[in-house]
Number of protein chains: 2
Amino acid sequence: MVTIKDVAREAKVSISTVSRVLNMSGYTSEKTKEKVLYAVKKLGYTGSLVAAAMIKKQTLTLGLIIPDIKNIFHSDLTRAVEDGANSHGFNIFLCNTDNNLQKEVEYIHLLIAKGVDGIIFSSPEVKDKNIKEVKEKFPDLPIVILGSKFHNLTINEILVDNFDGGYRATSHLLELGHKDIAFISGGIDSYSSIERHKGYKFALNESGIPINDDFVIFDRFYIESGYKNALKLLQKNKRPTAIFAGSDSIAVGIYKAARELNLKIPEQLSVVGFDDSQYAEILSPMLTTIHTPIKEMGQRAIEIIVKSIKEKKIFKETLVLYPTLVERESTMAVHSK
Amino acid sequence: MVTIKDVAREAKVSISTVSRVLNMSGYTSEKTKEKVLYAVKKLGYTGSLVAAAMIKKQTLTLGLIIPDIKNIFHSDLTRAVEDGANSHGFNIFLCNTDNNLQKEVEYIHLLIAKGVDGIIFSSPEVKDKNIKEVKEKFPDLPIVILGSKFHNLTINEILVDNFDGGYRATSHLLELGHKDIAFISGGIDSYSSIERHKGYKFALNESGIPINDDFVIFDRFYIESGYKNALKLLQKNKRPTAIFAGSDSIAVGIYKAARELNLKIPEQLSVVGFDDSQYAEILSPMLTTIHTPIKEMGQRAIEIIVKSIKEKKIFKETLVLYPTLVERESTMAVHSK
DNA sequence: TCTCCTTGTGGAAACGTTTCCTCATCTTTT
DNA sequence: AAAAGATGAGGAAACGTTTCCACAAGGAGA
């Protein structure tokens, strides 16, 4: 491995001079600059960021902790985060936790031992005590949370207004004349599920439609969960004419169940999803869904964390982004009987 | 930040002793071991792997270079790679290149500057001269390539037998009585496209069916590309009764085109995909496709690279995995007219 | 009793950078 | 002409570990 020493020797200058040239700090004459640069090229010197990290206390590395990259929401998000990181000269360590708190805590410790400059979390399903612990033990580490709320901690949060999203989805169905609207979502302990449910209830109340508790199901944000619960729901004596799915994945499961029961979407069953992931346009009929600005979430997460790192200051910024309804083909006016 | 010095002072032993205890190397009495461990716990010492990396010349970090994590194939692969890495104590840097060689080379340099212990590539679309350069400049860096062939370089390769996959897909359609079978795939410079095409041709020849060059299209491994080309293909006077898609994404596009043209799958058009990604079960009807052992590819990639790192030796291992046909709902016997 | 292992511990060098400090020269100001 | 500032470059400390080496003490074998 060729080191800064080799370059210094080759260029017949001191180590400090080489470092200064390469970092463009302090004064250097044009002549020595050239000599150094020539030597660098000649030897193919690349430098060691790990040595630099030791003294600068900066690794230009970020940790990204998500449940599962196979989940379409998180792969979209990860891409946005990585792009943003890269444009600021950062790399990201990808960590899949499967929502397992034990796995998460191990990743956190590893990341810190490796000297990451910040950590971005996206764990929508879990009320996370690990994060509280990190915050206590490493108060100076910049952290951004995506999609969950932490009232008491000085931690940056980026949220979508899930209440608003739930409200929009439900309102859309109400406008189409639906009265029997079910709601299938992720875990009841998940912040986004709860808020979406609130929006759902609010819209129904506003229209004077009583809430039917049989039509509200909290399970998980997965295809399987959508399938299983839709199957149950659609086989009831009085089945809903529309379902608001807490995520596009759940909607995929609902499609599957509907197909199995020979229910045509949207003629016999309207479906609204949440996320506007890749799935939405693949499904047939294409899914009407609530668009979450995933890309913007990722970008903003990076902006905030990079700012925090550059200014060496811990903020508590809470950013709320707003979802929108994307009408496609999976909803239509309810059939009057 | 609490360092090993603090622990040594707290435990009233030397730095070396602390290090020895923590690394379980050399001799240490039970008594001092306890003292050290107690101090570690008391101070909440975590250690700095970056300092350790300096002297050990090991960062326990791997680079993973892919075109795009949003691509379903690569998110599945990434997950497998990350799991494998994690189980060996490694972290991965995720790098999305969009098949851009310039971006790729920048990532490579960054990764090397950060001291990664190895790099895993998966760039199926590009014949990669960057890799040759890395190999020349850093001959000791373990590298694994997924899905492409490099004849002359001492680089580990993990391949699926694409010829075999192409053959199986086409044979399946032939067995169902199809004679007009089209092939839509990724770029003509991509190893996997070429091999799949060879398998396709071989199967047709074997059945004595002449190759219709109008039915062979090389474009890109994307949904859009499948859509666009299927649209063209299916509007010809003599349209194919079956299409073999070079990837599941392409198949998704074909579905879209078929729907637009009011062609029922599989009654009027049979489709076989390639990859057996998440898409396959989401599509309706569910996609018959060639299963590529993505998970195994990821695991093996890690095994090989970790072995290379541990033994500090560069191998050239070429591993070929075999695809299988997964019959679902998108193919059926051709209608006799 | 003497030598030789085994066990246990500490000191110090090394890893490859950055940065602080010092010193020298040259230019400008008073 | 002297003082002050700007420019340029090198020496050495520092970052937080691991590991090599030296040394000491205790027990075993001759």
Side-chain angles (χ1 to χ4, degrees), chain A residues 1-37 39-40 43-61 89 109-110 112-117 138 140 312, chain B residues 1-37 39-40 43-61 89 109-110 112-117 138 140 312:
Chain A
M1 185 196 185
V2 29
T3 74
I4 200 171
K5 264 188 195 163
D6 302 318
V7 176
R9 194 180 313 117
E10 177 72 29
K12 297 190 205 311
V13 296
S14 73
I15 293 178
S16 358
T17 301
V18 177
S19 177
R20 247 178 278 124
V21 170
L22 263 22
N23 292 290
M24 294 180 290
S25 65
Y27 300 106
T28 334
S29 71
E30 276 308 313
K31 217 169 171 174
T32 46
K33 214 174 268 180
E34 259 175 51
K35 278 198 297 183
V36 169
L37 261 19
V40 164
L43 301 180
Y45 172 73
T46 48
S48 160
L49 288 177
V50 5
M54 277 229 47
I55 99 106
K56 286 203 197 173
K57 270 130 182 34
Q58 260 226 27
T59 53
L60 293 175
T61 297
H109 286 143
L110 198 52
I112 289 174
K114 290 203 178 177
V116 295
D117 299 331
F138 305 94
D140 295 334
K312 293 181 202 308
Chain B
M1 187 196 186
V2 28
T3 76
I4 200 172
K5 266 187 195 164
D6 302 319
V7 177
R9 193 180 313 118
E10 177 73 29
K12 297 190 205 310
V13 296
S14 73
I15 294 179
S16 357
T17 300
V18 177
S19 177
R20 244 177 278 124
V21 171
L22 262 23
N23 292 289
M24 294 181 289
S25 65
Y27 300 104
T28 333
S29 72
E30 275 310 312
K31 217 168 172 177
T32 47
K33 214 173 270 179
E34 260 175 51
K35 275 197 299 183
V36 169
L37 261 20
V40 164
L43 301 180
Y45 172 73
T46 49
S48 159
L49 288 178
V50 5
M54 277 229 46
I55 99 106
K56 286 203 198 173
K57 269 126 183 34
Q58 259 227 25
T59 53
L60 293 175
T61 298
H109 286 144
L110 197 52
I112 289 174
K114 290 203 178 178
V116 295
D117 299 331
F138 305 94
D140 295 334
K312 291 181 202 309

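Here is the naming used below: chain letters follow the sequence lines, and residue numbers restart at 1 for every chain.
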Report summary line: Scanning both residues in full, the closest heavy-atom pair of B:Met54 with B:Lys57 reads O-NZ, 3.6 Å

Report summary line: Assert: residue with more 5' nearest nucleotide on DNA chain D, out of B:Val2 and A:Thr17, is A:Thr17

Requested in this report: Grab the two heavy atoms, one from A:Leu22 and one from A:Val36, that are nearest each other, plus how far apart they are.
Outcome: CD1-CG1, 4.4 Å

Report task. Return each pair, listed once, that meets salt bridge (charged side-chain N to carboxylate O under 4.0 Å, His left out) where at least one residue sits in residues 25-37 of chain B; pairs must be two or more places apart or across chains. Result -> B:Glu30-B:Lys33

Query - Atom of A:Gly44, atom of A:Val2 and distance for their closest heavy-atom approach - result: O-CG1, 4.0 Å

Requested in this report: Please report the shortest heavy-atom distance between A:Asp6 and A:Met1, naming the atom on each side.
Outcome: OD2-O, 3.9 Å

Query raised in the report: Which distance, rounded to the nearest 0.5 Å, do you find between the CG of B:Leu43 and the CZ of B:Arg9?
Result: 9.0 Å

Query raised in the report: Within the structure shown, what part of the strands sits under 4.0 Å from B:Lys57 by heavy-atom distance: base, sugar-phosphate, or nothing?
Result: sugar-phosphate

Query - Heavy-atom side-chain contact between B:Leu60 and A:Lys114 under 4.5 Å - result: yes

Query raised in the report: Within the distance-only criterion (no hydrogens, no angle test), does the side chain of A:Ser25 pair as donor or acceptor with the backbone N or O of A:Asn23 below 3.5 angstrom?
Result: no

Query raised in the report: In Å and rounded to the nearest 0.5 Å, what is the CG to CD1 distance from B:Leu49 to A:Ile112?
Result: 11.5 Å

Report task. Mind listing the residues from residues 8-16 of chain A sitting with a heavy atom below 4.0 Å of DNA chain C? Number order is fine. Result -> A:Ile15, A:Ser16

Query raised in the report: Quick one: how far along DNA chain C does chain A reach, first to last nucleotide 5' to 3', anything under 4.0 Å to a heavy atom?
Result: C:dG16 to C:dT19

Query raised in the report: What heavy-atom pair brings B:Ala39 and B:Ala11 nearest, and what distance separates the two atoms?
Result: CB-CB, 3.8 Å

Report task. Please work out which residues in residues 18-34 of chain A have a non-hydrogen atom less than 4.0 Å from an atom of DNA chain C and list them by number. Result -> A:Ser19, A:Asn23

Query - Angle by which the axis turns from one end of the helix from C:dT1-D:dA30 to C:dT30-D:dA1 to the other, five pairs per end, to 10 degrees - result: 50°

Query raised in the report: With B:Ile4, which residues qualify under side-chain contact (heavy atoms from CB on, under 4.5 Å), at least two apart?
Result: B:Ile15, B:Val18, B:Ser19, B:Tyr45

Report task. Considering non-hydrogen atoms only, spot the tightest contact between A:Thr28 and A:Thr32 and give its length. Result -> CG2-OG1, 3.2 Å

